[in-house]
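Any value given below was found using the heavy atoms of this structure, including those in side chains, with hydrogens, waters and symmetry copies removed.
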Amino acid sequence: MALSNNVIGAINFVAMLLSIPVIGAGIWLATEPDNSCVKILQWPVIILGLLILKVALAGFVGGFWRIPWLLIFYLIAMLILIILLACLTVFIYMVTVRGSGHLAPSRAYLEYRLDDFSGWLRRRVHSSYKWDRIRGCLSSSNTCSELNQSYHMAQDFFNAHISPLQSGCCKPPTECGYTFVNPTYWISPINIAADMDCLKWNNDQNQLCYNCDSCKAGLLANLKREWRRADIILLITLIALICVYLIGCCAFRNAKTEDLFRRYKQGYT
């Protein structure tokens, strides 16, 4: 029984370590400028990671100090958390399965359309109330100003692999035919009726294309890229956590079996 309890405690210690990638993924998302402006995914991930840590700690204590009710709590609570983690992993995949960039003539970077993304993601930026807050947050960052420091010639900028957020928010759509002055200053559009975003472009450095649908699409493309990376971490952690949980269940069952045999032998003798 003591050996099995020690095994259960060691297994739960591994489960405690597995909470670190989940918490780390949430913290990483929170530090990204776009995610810090939207504030959708990072807190659910961080909270779920902290809950896994606390439940695994309860199992660790219950295993080493032989507290049966704490082990039972661990088995039930961890199963619920595994299900929640699986649901979150599948949800992230489903909402990011759509949405990709489009090639523009003579451009290395891609451009993005809002209609390409899932309805759930579009609703996060659709209402003016939500977007006003997000726009103010994005415009206060150095996302666009970094371009002016990196690219001074038009061809250098056209050959650059800029982020989706920079492509959508910091410049007008290519089809408008604006003339490059610098990455965030464009003049003399050729076809201003090509897209509604052509009319929304403004050389004011606090406005640029932050009111454009292309900016919303660029933001969602950035979120998709970062959420997919976080989802891979969550998926790997989920698989490892399931394996650890199954091993823990087997160890707990063996411990109970050993305890029954021990009681039977004591009663027999």
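Atom OH of Y93 has 12 or fewer heavy atoms from other residues, nucleotides or ligands within 6.0 Å. Under a cut-off of 6.0 angstrom, the local environment of OH in Y185 is sparse, with at most 12 non-hydrogen atoms contributed by other residues, nucleotides or ligands. The neighbour count for R98 CZ, taken as heavy atoms of other residues, nucleotides or ligands under 6.0 Å away, is above 12. Around the NZ atom of K130, the shell of radius 6.0 Å holds more than 12 heavy atoms that belong to other residues, nucleotides or ligands. Within a 6.0 Å radius of NE2 in H126, no more than 12 heavy atoms belonging to other residues, nucleotides or ligands are found. Counting non-hydrogen atoms of other residues, nucleotides and ligands closer than 6.0 Å to CG of L246 gives a total above 12.
Salt-bridge check for R135 with D132: passed, with a basic side-chain N closer than 4.0 Å to an acidic carboxylate O.
Using cut-offs of 30° and 60° on the angle between ring planes, the pair F60 and F13 is tilted. Note on ring orientation: taking the six-membered ring where Trp is involved, the planes of Y109 and F157 are tilted (angle from 30° to 60°). The aromatic rings of W120 and W227 sit tilted relative to each other, their planes meeting at an angle between 30° and 60°.
Per the SG-SG cut-off, C212 and C209 are bridged by a disulfide [distance under 2.5 Å]. For the two cysteine residues C170 and C144, the thiol sulfurs sit under 2.5 Å apart.
In terms of modelled atom types and a separation under 3.5 Å, the side chain of N202 and the main chain of Q207 share no donor-acceptor contact.
T184 and Q205 share a side-chain donor-acceptor pair at under 3.5 Å.
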